Amino acid sequence: EFTTGDTFSYTLQYPSFSILKNTYFNINQNVLNNINSTISTDVLTFKNGLVEEEKQVNADNLQNNLPQVKYNVVTDYSVTFNKNHILSTIVSLMAFVNNEGPKYNSLNNYNFDLLTGNEFSIGSVFNPNIDYLKVITDYVNYKINQNKELYYPDATVAISDDQAFYLTEDGIVIYFDEDEVAPKEFGIPKFKMEFKKFAPYINPRFYCTPENIYTAMRLIRNYKKWYN
């Protein structure tokens, strides 16, 4: 989807899932339609907001005898994880003014359980009874401290349940907005937690090895023993 105008142009690429095969299973099209609608609504909301911004900016410029500016909106996407009835995809949203910038640069994540059609939070990726917020917080702060020169001097994080993330074949990518923990020119800071390094903590549905299956079963047995 694209168009080119005098002061506004866009190239929109985003996923539209149809007859999606996830491992060996075909996914209910109603579930896929809901995912498609969620993503397309976000992308079009981003684009339409910038249409209005461009109109206002150039109206003000015209009134003040300033040159017109040209906005260019670009979106792109990647399906990063698709198996075990789990889908993780990301959509990059960027906007440039007069070919400089980007003025806006953000990353949307969509993590869906294809059995229920619901999005899931980062806690679902971990085994029961794991203090996953502490595990992630400690890891990200450790990585920041390894390369302090890249981040703000007082950069430190405290991960919450609504933390932005997406899945890849080999891990969980934790990421932050521009200018949140590092200067804007750094882009979007990302920290990958490799599944193999955190295997005992990971729900086998997301990363299946004998080690983390055994750990998950042991944790579930202990949980039932403690709370029944």
Side-chain angles (χ1 to χ4, degrees), residues 14-15 17 31-32 34-47 49 75-95 102 104-145 150-152 154-184 186-195 197-198 201-207 216 219 223:
Y14 53 93
F17 298 106
V31 169
L32 298 180
N34 177 60
I35 296 172
N36 293 339
S37 177
T38 298
I39 295 174
S40 63
T41 297
D42 288 349
V43 170
L44 295 177
T45 297
F46 177 73
K47 186 263 289 183
T75 73
D76 200 2
Y77 75 94
S78 177
V79 177
T80 58
F81 190 94
N82 179 31
K83 63 183 179 182
N84 298 340
H85 289 103
I86 298 296
L87 177 70
S88 186
T89 186
I90 50 176
V91 178
S92 170
L93 307 166
M94 303 181 78
Y104 300 106
N105 180 16
S106 60
L107 188 67
N108 284 6
N109 65 80
Y110 302 92
N111 302 299
F112 278 90
D113 183 330
L114 298 177
L115 291 175
T116 65
N118 297 326
E119 289 192 77
F120 60 88
S121 64
I122 198 164
S124 300
V125 184
F126 291 83
N127 281 322
N129 288 344
I130 297 295
D131 190 352
Y132 57 90
L133 296 180
K134 183 178 187 306
V135 171
I136 302 169
T137 296
D138 289 349
Y139 176 74
V140 173
N141 284 324
Y142 167 74
K143 298 302 287 185
I144 288 174
N145 286 328
L150 298 178
Y151 304 94
Y152 287 130
D154 58 348
T156 185
V157 303
I159 302 298
S160 61
D161 277 312
D162 61 355
Q163 173 62 46
F165 77 101
Y166 60 93
L167 304 176
T168 67
E169 288 295 316
D170 60 351
I172 314 163
V173 178
I174 310 297
Y175 70 90
F176 299 87
D177 291 337
E178 275 192 335
D179 205 33
E180 187 174 354
V181 297
K184 187 173 181 178
F186 183 89
I188 297 174
K190 300 175 183 177
F191 304 86
K192 177 180 280 190
M193 301 178 65
E194 293 184 41
F195 285 141
K197 293 183 178 179
F198 293 88
Y201 302 143
I202 304 299
N203 183 329
R205 189 175 175 193
F206 298 87
Y207 180 65
L219 289 169
Y223 181 85

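The basis for the numbers below is simple: all heavy atoms, side chains too, and nothing from hydrogens, waters or symmetry mates. Note that the structure is predicted; figures quoted are calculated from it, not measured.
- Using bins of under 30°, 30° to 60° and over 60° for the plane-to-plane angle, the ring pair Y104/F46 lands in the perpendicular bin.
- With contacts defined as side-chain heavy-atom distances shorter than 4.5 Å, the pair V43/Y77 does not qualify.
- Residues forming a salt bridge (Lys or Arg N to Asp or Glu O under 4.0 Å) with K197 (at least two apart in sequence, or on another chain): E194.
- S92 places no side-chain N or O within 3.5 Å of a backbone atom of D76 that could act as its donor or acceptor partner.
- If you take OH on Y14 and CG on L93, they are separated by 11.5 Å, rounding to the nearest 0.5 Å.
- Residues in residues 158-181 take part in these salt bridge (Lys or Arg N to Asp or Glu O under 4.0 Å) pairs, two or more places apart or across chains: K83-E169, D170-K192.
- One distance of note links CD1 of I136 with CZ of F198; it measures 9.0 Å at 0.5 Å rounding.
- Between atom CG of residue N118 and atom CG of residue D113 there is a gap of 7.0 Å, rounded to the nearest 0.5 Å.
- Contact record, N34 with G117: ND2-O, 3.7 Å, taken as the closest heavy-atom pair.
- The distance from atom CG of L167 to atom CD1 of I122, rounded to the nearest 0.5 Å, is 8.5 Å.
- The shortest distance between side-chain heavy atoms of D42 and Y110 falls below 4.5 Å.
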field: Worked check of side chain to side chain contact (heavy atoms under 4.5 Å, CB included) between L133 and I159
entry: CA-CA 6 Å; L133 296 180; I159 302 298; 4.0 Å; yes
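- Y175 places a side-chain N or O within donor-acceptor distance of the main-chain N or O of L107, the cut-off being under 3.5 Å.
- Counting only heavy atoms from C-beta outward, the side chains of T137 and K134 never approach each other to under 4.5 Å.
- We find the CZ-CZ distance between F165 and F120 to be 5.0 Å, quoted to the nearest 0.5 Å.
- Between Y166 and K190, some side-chain heavy-atom pair lies under the 4.5 Å cut-off.
- The side chain to side chain donor-acceptor pair (under 3.5 Å) test with S88 is passed by exactly one of N111, N109, T168: N111.
- Taking the six-membered ring for Trp and thresholds of 30 and 60 degrees, Y132 and F126 have nearly parallel ring planes, at less than 30 degrees apart.
- Using a 4.5 Å heavy-atom threshold, the side chains of N108 and I39 count as separate.
- Closest approach of N141 and V157 over heavy atoms only: OD1-N, 2.9 Å.
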- request: Show your working on side chain to side chain contact (heavy atoms under 4.5 Å, CB included) between F112 and V31 and close with a plain yes or no.
  value: CA-CA 9 Å; F112 278 90; V31 169; 5.9 Å; no
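- When every heavy atom of P189 is checked against every heavy atom of Y151, the shortest pair comes out as CB-CE2, 4.4 Å.
- Note that OH of Y139 and CD1 of I174 are 9.5 Å apart. Values are rounded to the nearest 0.5 Å.
- No side-chain donor-acceptor contact under 3.5 Å links N203 to the backbone of N127.
- Of the candidates N84, I172, I86, F206 forms a side-chain contact (heavy atoms from CB on, under 4.5 Å) with just one, namely I86.
- Classified by interplanar angle (parallel below 30°, tilted 30° to 60°, perpendicular above 60°), the ring pair F191/F176 is perpendicular.
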